[in-house]
Amino acid sequence: MEKDWKCLSVSRERVYEQSGLTPEQTNFEFWLTVDESALQESERIKFLNRKNAVIMYFQRKSLEEIKEVTGIVRQNVRRFAKRCMQYDQEGIVWGFRALIPQKNVNEYQLEIFNKKHNMSRKTGEFIRLLDKSPNLRDLIEGLFLGKKKHSLEPVMKIKYIHKRFVEECRKLGLTQADYPLNTEYMGYKAVQRYLRQFAFENFCSSAERFGDDASQKARHVGEGVQNQLSNLFPFQRVQFDAHRIDGIFAVELTTPEGDKVTRILSRLWILTIIDVATRNVLGHHTSLNQEYSASDVMHCARNAVIPHKRLELTIPGLSYHSVGGFPSEKFPEIAWAVWDVICLDNAKSHYARMVKDRLENLIGCSMNLGPVALPMRRGIIERFFKTLEENGFHRLPNTTGSGPNDPRRNHAEEQAMQLNITYEHLTQLIDVLISNYNGTPHGGIYHQTPLELLEKRMNVSGLKPRLLEEEKRSEILFMQTIQKRTIRGSLKSGKKPYIEYEGVPYRSDRLANSAYLLNTELILHVNVDDLRTLKAYLPDGSEFGYLTASGRWSLTPHSLQTRKAINSLIKNKLIHLTTWDDPIFIFTDYLMNQKKSKKSVNNQVRVIEDSTYKPENPPAEQTKALDEASFQNDLLDKAREEQLNREKLNEMENYEHMLKQFKTKTY
């Protein structure tokens, strides 16, 4: 008996008391469990017996006792214990999973010298071949991943990989009597199975075969610690993005001759800002540009902060839902609410100095520029755009659909022209759709409406957003950028002091009488929506006053983008301006006379919108400066008209004098 106990101790020591084992291997409390209810009744009984035997074995029960309770002999007890202590392919201890009937815990290894080896079966031959010839393994894996040292074909099909595999086998000297050339399909199924398993084991690299979208999701989604923090506070974090509208729209323009014509617009951008915590869309902006610019970004931010006003609807049947609206409209106490963090992508316009300056110094938020080409980091706003398209634009007869093969995109331009679906209709439709969206139950917030959730967070939880300071509540400040220009002029030539910005001189009475400031650098606050005036500050920060654009540049409101476009045309000698010409009118006429391109139509509408710019509550000094400029231009017009009249009278007098000289006598 003593001898048997010594043998038992030695056997136990060999199994779970040998050196080098981790606690996860030797302590069954750390092992992964098994859902016993998922097993068939016979399999479940067998599994429970094995499990009890292993547990009793680790509890130092005698093998005789284990056999008496479970019916499992000592050899199988030790074998089951060893199976449980092995590691799986992911480096996790198999544990009780290894006791499931018919569960394979070891990879199949071909043993050609085994007496039970069946020569007619080819199981394991392929792996043995790759082990013997590592170059073959490197070849098929390299071709599958598109490595250039093997082939220039980026995504090679399996059948072509197999063809190269067979060619390489022949180069290695394999004959028709050797595997895989001695099989019916020469190892095609084995190559297919191996590469399928290889793709699963190298998921990120293999996903590149299916395009950039699959590759980026494989590399960045569903792995590691999630960095999306819980957003409880309204306006704590917002997301910004832009989306091309899937629809064609028309616009009615007036020709220089006064005729009304209908033109097709190029596809437009819609820019939105959405609150992550409550899913409320705070504001939006529609851009007519080919690619949305920094000023478009700030227009959207401005519309999200200033109190929203409903539009006057002209589309029959279109209406705002009573439960919908915008947060600043529904809850006056949070008018001028601002956010703490804004999440954007890596678009070029987001890196503009004006965007960074206004977001940080005016709104007081930080910018979170996410990784390149990872829209899933802003999944909330991406999902909103999909909802907006499916519930709105894709239901219109002028939709371009979701792709070139979408049957809904038939004759979109003809429908827009025939049904007269205009840009004005689009702006109304967008405002109504977003307003109604804020009052529609949302699955991501437990089927509450965004406005309901915002009201609960504010009134019940007391979580109210931060408001913009009173002194910053100006529409103009959102579109402001800071520039520096040196005061020019010369006492020698008699040219009074002035500054030049974007090809146009700017002057004022005070600047003209401040010759001592020549060569001094002024700090300019530029409203990119209206370049008729600039607000100037001295280098020490003290206010100097408003400077007005010279000549006719001070008459019609125009944006920085329009000014640059006009200067480009002048430089290329495509248009010419005289002292008496309004540059905006000349530019509009030029666009109207261009070929019927969608890009020129968008530019025409944008210039018209710029020319109707009227800020609310403009500063009194700015209004005074513009009035004085308008008065001076009126005086110049009167002076020119008087001069033309005098020239006309002189021509008439000269003509009459000439007639008298050549008049003949009659008898």
Side-chain angles (χ1 to χ4, degrees), residues 231 233-243 245-247 249 268-286 299-339 378-396 399 421 423-461 463-465 467:
N231 293 281
F233 283 83
F235 292 70
Q236 176 186 357
R237 180 185 294 264
V238 299
Q239 292 180 2
F240 167 88
D241 206 355
H243 176 73
I245 297 174
D246 295 340
F249 294 87
L268 310 173
W269 289 94
I270 176 174
L271 296 79
T272 57
I273 293 178
I274 190 169
D275 177 36
V276 174
T278 65
R279 303 299 197 271
N280 276 286
V281 177
L282 308 182
H284 63 90
H285 171 67
T286 306
H299 275 119
C300 183
R302 181 187 67 186
N303 295 341
V305 175
I306 64 176
H308 180 266
K309 295 180 180 179
R310 292 192 173 185
L311 303 178
E312 293 184 7
L313 304 181
T314 59
I315 303 175
L318 185 67
S319 63
Y320 291 97
H321 291 173
S322 59
V323 294
F326 287 79
S328 60
E329 171 193 349
K330 284 290 186 177
F331 309 107
E333 65 272 21
I334 62 168
W336 299 95
V338 291
W339 49 85
R378 296 172 305 282
I380 293 174
I381 196 166
E382 294 288 348
R383 185 63 183 85
F384 162 74
F385 282 136
K386 183 178 180 181
T387 301
L388 192 65
E389 291 286 4
E390 292 299 328
N391 294 342
F393 305 126
H394 286 176
R395 300 176 62 187
L396 298 176
T399 180
I421 306 175
Y423 173 65
E424 290 74 15
H425 294 155
L426 172 65
T427 56
Q428 296 176 29
L429 179 62
I430 290 175
D431 201 65
V432 170
L433 284 173
I434 294 178
S435 176
N436 295 345
Y437 172 86
N438 288 339
T440 303
H442 195 295
I445 50 177
Y446 306 101
H447 298 283
Q448 305 172 87
T449 70
L451 290 172
E452 284 177 352
L453 181 58
L454 176 59
E455 185 177 17
K456 289 179 181 178
R457 294 281 171 87
M458 290 194 305
N459 297 337
V460 178
S461 303
L463 305 176
K464 292 190 177 180
L467 302 182

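Everything quoted here is computed from the prediction, not taken from an experiment.
Between the D431 side chain and the T427 main chain, no donor and acceptor come within less than 3.5 Å of each other. Within the 3.5 Å criterion, the main-chain N or O of V281 finds a donor-acceptor partner in the side chain of N438. A donor-acceptor contact shorter than 3.5 Å is absent between the side chain of N303 and the backbone of H285. No donor-acceptor distance shorter than 3.5 angstrom exists from the side chain of N280 to the backbone of D275, with no hydrogens or angles considered. Put simply, the side chain of Y320 gets close to the backbone of L311: a donor and an acceptor are under 3.5 Å apart. At distances below 3.5 Å, at least one donor-acceptor pair connects side-chain atoms of Q428 with backbone N or O atoms of T314.
Applying the 6.0 Å contact sphere to NZ of K330 captures more than 12 heavy atoms from other residues, nucleotides or ligands.
The shortest side-chain heavy-atom distance between V238 and L282 falls under the 4.5 Å cut-off. A 4.5 Å side-chain heavy-atom check between W336 and P307 finds at least one atom pair inside the cut-off. With contacts defined as side-chain heavy-atom distances shorter than 4.5 Å, the pair L467/F235 does not qualify. Using a 4.5 Å cut-off on side-chain heavy atoms (C-beta onward), T286 and W269 make no contact. Using a 4.5 Å heavy-atom cutoff, the side chains of F249 and H425 are not in contact. With contacts defined as side-chain heavy-atom distances shorter than 4.5 Å, the pair V276/Q236 does not qualify. With a 4.5 Å cut-off on side-chain heavy atoms, L451 and V323 do not count as touching.
Taking the six-membered ring where tryptophan is involved, the planes of F326 and H308 are essentially parallel, since the angle between them stays under 30° and well short of 60°. In this structure, F384 and Y437 have perpendicular ring planes: the angle between them is above 60°, well past the 30° mark.
Here the CG-CZ distance, from L463 to R457, works out to 7.0 Å after rounding to the nearest 0.5 Å. Here the straight-line distance linking atom CD of E389 with atom OG1 of T387 works out to 10.0 Å at 0.5 Å rounding.
When each of D241, L426, I430 is checked for a side-chain contact (heavy atoms from CB on, under 4.5 Å) with I270, only I430 meets the rule.
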